[in-house]
Asker: 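Please see the structure below; I have some questions.
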Amino acid sequence: MKKVKQQNIDTTYGSYFDYAAATPMSKTVLAVMKPYFSETFYNPSAQYLSAQNVRKSIESARSEVALILGTSPSEIIFTAGGTEANNLAIRGIMANNPDANCVVSAIEHDSVLKSASLYDCRIAPVDKHGRIDLARLKKLIDEKTVLVSIMYANNEIGTVQPLAGISKILSEIKWQRTKKGNSLPLYFHTDACQAPSYLHLLVHTLGVDMMTLNGGKIYGPKQSGVLYVERDIKLKPLVYGGGQEKGLRSGTENVPGIIGFAAALKETVALREIEVARLQKLQQMAWIHIVENIPKAVITGIGTQQLANNLHVRFPGVDNERLMMELDEKGFMVAVGSACSASSDVPSHVLKAIGLSDEDARSSLRITFGRHTNRQDLDKLLKHLKSLLG
Ligand SMILES: Cc1ncc(COP(=O)(O)O)c(C=O)c1O
């Protein structure tokens with residue numbers, strides 16, 4: 001993949017440290033999308049040439065996404081974001097296999113957990129860093145398991161899961177099943193919404209059969225996303241109608257969203273190597289600063305595989321909401337949990353799953369970096385943290 005230099009990047013987001021919740025739209029992506037709101041507004045299913053050109057644009061976006069995932073365009077389904085793609089993957093499989101069960105990790109996004117909870121579902125535990133316990137995962141899979149869903153990277157603590165290793169375990173189980181004459185398939189789905197800016201997305205190397213992506217985390221439009229579905233998999237649609245997206249996602253296509261998603265993914269992947277190296281340095285600098293200046297701080301994920309943009313810290317005895325509001329007053333935007341759980345009073349299920357007490361969970365802060373984060377801005381945030389807590 002051709003590398004591109006950082007461009008169109010301004011510093012207006014200097015005090016923003018919540019990139020795991022939302023990323024600002026790339027100016028390049030916005031420019032590519034714009035014509036599809038106005039002069040190129042046609043319904044891609046219409047017969048005339050102008051509409052057929054819009055269809056071609058969609059298909060070329062599909063091919064671009066497929067190339068990045070190392071798969072074929074016919075296996076790419078455009079959706080309205082990550083939640084819908086996760087619902088389609090899980091409910092699509094489970095509705096077609098009503099007597100089967102599924103296994104999901106304890107730290108999945110709610111769109112996975114709540115979809116899976118509609119069926120016979122087992123929860124695979126994680127260790128104190130959020131890494132899946134492979135031995136226990138293996139034990140949870142039985143003769144009736146049709147689907148395993150494990151996220152690629154966690155949205156709260158940034159833990160990266162060993163997907164290829166999990167896929168290997170599933171292949172062994174499938175082999176044993178075949179020998180016993182059990183023809184039930186065993187599919188592997190991953191929610192990779194937090195991954196594209198930092199990790200490769202080659203589905204065959206990862207060994208996944210389905211993969212969820214969304215545009216709102218990769219400097220593209222919100223309510224845009226993709227579900228990669230291996231060609232032999234049969235899903236039951238969530239939405240019925242005109243049969244768009246191979247009948248899996250009926251409704252007139254969100255053309256600007258699709259075009260924007262593909263452009264955002266392409267740009268993110270092209271910037272990935274530079275960004276990972278840059279953000280890892282910032283992450284390390286922040287770790288050192290916090291450890292040296294705020295002795296009571298406990299950093300989650302040190303020494304484990306973690307996304308380069310994630311810094312998850314606990315300040316025992318400190319009320320995280322209060323801290324977040326104090327930082328907000330100074331203009332710094334950080335998170336106390338994932339954007340969806342943050343608004344409720346219930347401690348995060350992810351932090352509970354890694355063994356934190358309610359009290360510990362309520363003293364945790366999530367700081368996530370992105371394309372616009374630079375050393376000076378991070379320095380300012382760390383100084384404020386020190387003055388509030390050091
Ligand atoms: C890991 C993960 N999965 C799924 C989602 C849901 O994606 P969307 O907001 O596009 O529906 C998010 C967004 O918060 C996420 O971080």
Asker: Would you say the side-chain atoms of S105 and Q161 include a donor-acceptor pair closer than 3.5 Å?
Answerer: no

Asker: When you look at Q194 and N154, which way does the side chain to side chain contact (heavy atoms under 4.5 Å, CB included) test go after all the steps?
Answerer: CA-CA 7 Å; Q194 295 287 339; N154 183 263; over 6 Å; no

Asker: Side chains of R131 and Q305, heavy atoms from C-beta outward: is any pair under 4.5 Å?
Answerer: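 Side-chain contact under 4.5 Å: yes.
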
Asker: Check the side chains of N101 and T145 for a donor-acceptor pair under 3.5 angstrom, ignoring hydrogens and angles.
Answerer: yes

Asker: Are L365 and L389 grouped together when hydrophobic residues (ILVMFWY) are joined by side-chain heavy atoms under 4.5 angstrom apart?
Answerer: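 Yes, one cluster joins them.
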
Asker: Decide yes or no on side chain to side chain contact (heavy atoms under 4.5 Å, CB included) for L381 and D377, but give the supporting numbers first.
Answerer: CA-CA 6 Å; L381 171 69; D377 297 323; over 6 Å; no

Asker: So V269 and I218, do their side chains get closer than 4.5 Å, heavy atoms only?
Answerer: no

Asker: Between E267 and T28, do the side chains contain an N or O donor and an N or O acceptor separated by less than 3.5 Å?
Answerer: yes

Asker: Should M151 and I90 be counted in the same cluster of Ile, Leu, Val, Met, Phe, Trp and Tyr side chains packed under 4.5 Å apart?
Answerer: no

Asker: Any donor and acceptor pair, going by atom type alone, linking the side chain of S363 with main-chain N or O of D360 inside 3.5 Å?
Answerer: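 Side chain of S363 to backbone of D360: a pair is present.
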
Asker: Just checking, any donor-acceptor pair under 3.5 angstrom between side chains of H189 and T212?
Answerer: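 Their side chains do contain a donor-acceptor pair, which is all the 3.5 Å distance test asks for.
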
Asker: Can you tell me how the ring of Y228 sits relative to the ring of H204, calling it parallel under 30°, perpendicular over 60° and tilted otherwise?
Answerer: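 The rings of Y228 and H204 stand perpendicular, inter-plane angle above 60°.
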
Asker: Under 3.5 Å, is there a donor-acceptor pair between the side chain of E108 and the main chain of L113?
Answerer: no

Asker: Could you check E156 against S348 for side chain to side chain donor-acceptor pair (under 3.5 Å), going step by step and ending with a plain yes or no?
Answerer: CA-CA 9 Å; E156 248 180 279; S348 139; 2.8 Å; yes

Asker: When rounded to the nearest 0.5 angstrom, what distance separates CG in N155 from CG in D191?
Answerer: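 With rounding to 0.5 Å, CG (N155) is 7.5 Å from CG (D191).
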
Asker: Going only through I, L, V, M, F, W and Y residues with side-chain contacts under 4.5 Å, is there a path from I354 to V336?
Answerer: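 Per the 4.5 Å side-chain linkage, I354 and V336 are co-clustered.
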
Asker: Output the distance between atom NZ (K217) and atom NZ (K222), rounded to the nearest 0.5 Å.
Answerer: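 These two atoms lie 8.5 Å from each other.
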
Asker: Hey, are the side chains of N53 and K56 touching, using non-hydrogen atoms and a 4.5 Å cut-off?
Answerer: yes

Asker: Among V112, I150, V126, which residue satisfies the side-chain contact (heavy atoms from CB on, under 4.5 Å) criterion with I107?
Answerer: V126

Asker: Mind checking whether E84 and Q223 have side chains closer than 4.5 Å, heavy atoms only?
Answerer: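 Of all side-chain heavy-atom pairs linking Q223 with E84, none is under 4.5 Å.
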
Asker: Is there a path of hydrophobic side-chain contacts, each under 4.5 Å between heavy atoms of I/L/V/M/F/W/Y residues, joining I93 to L140?
Answerer: no

Asker: Any side-chain donor-acceptor pair under 3.5 Å between T268 and R371?
Answerer: yes

Asker: State yes or no: do I233 and L163 share one hydrophobic cluster built from I, L, V, M, F, W and Y residues joined by side-chain heavy-atom distances below 4.5 Å, directly or via other members?
Answerer: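 They do not share one cluster, since no chain of ILVMFWY contacts under 4.5 Å joins I233 to L163.
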
Asker: Within a strict 4.5 Å, meaning less than it, do heavy atoms of the L323 and L385 side chains meet?
Answerer: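 A side-chain contact exists here, since the closest heavy-atom pair is under 4.5 Å.
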
Asker: Go through the steps for H372 and Y16 under the test ring-ring contact (aromatic ring centres under 6.0 Å, His included), then give the verdict.
Answerer: CA-CA 8 Å; H372 307 272; Y16 181 67; 8.9 Å; no

Asker: Could you tell me whether the side chain of K386 reaches within less than 4.5 Å of the side chain of L382, counting heavy atoms only?
Answerer: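 No. Closest side-chain heavy atoms not under 4.5 Å.
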
Asker: Should the pair E59-R55 be classified as a salt bridge under the 4.0 Å nitrogen-to-oxygen rule?
Answerer: yes

Asker: Between R272 (side chain only) and L199 (backbone N and O only), is there a donor and an acceptor less than 3.5 Å apart?
Answerer: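 Answer holds: yes.
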
Asker: Give a yes or no on whether the backbone of T83 and the side-chain of S111 come within a donor-acceptor separation of less than 3.5 Å.
Answerer: no

Asker: Going by an N to O cut-off under 4.0 Å, is there a salt bridge joining K144 and D120?
Answerer: no

Asker: Do you know which two heavy atoms are closest between G220 and V29, and how far apart they sit?
Answerer: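 Taking G220 first and V29 second, the nearest heavy atoms are CA-CG1, 4.2 Å.
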
Asker: Run the side chain to side chain contact (heavy atoms under 4.5 Å, CB included) test on L147 and Y119 for me, step by step, so that the C-alpha distance in whole Å, both residues' side-chain angles and the decisive distance to 0.1 Å come before the verdict.
Answerer: CA-CA 11 Å; L147 174 69; Y119 309 93; over 6 Å; no

Asker: Report yes if the side chains of H349 and I123 come closer than 4.5 Å at any heavy-atom pair, otherwise no.
Answerer: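 Side-chain contact under 4.5 Å: no.
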
Asker: Check the pair R62 / V226 against side chain to side chain contact (heavy atoms under 4.5 Å, CB included), numbers first and verdict last.
Answerer: CA-CA 9 Å; R62 200 186 305 280; V226 146; over 6 Å; no

Asker: Under 3.5 Å, is there a donor-acceptor pair linking the side chains of N320 and S364?
Answerer: no

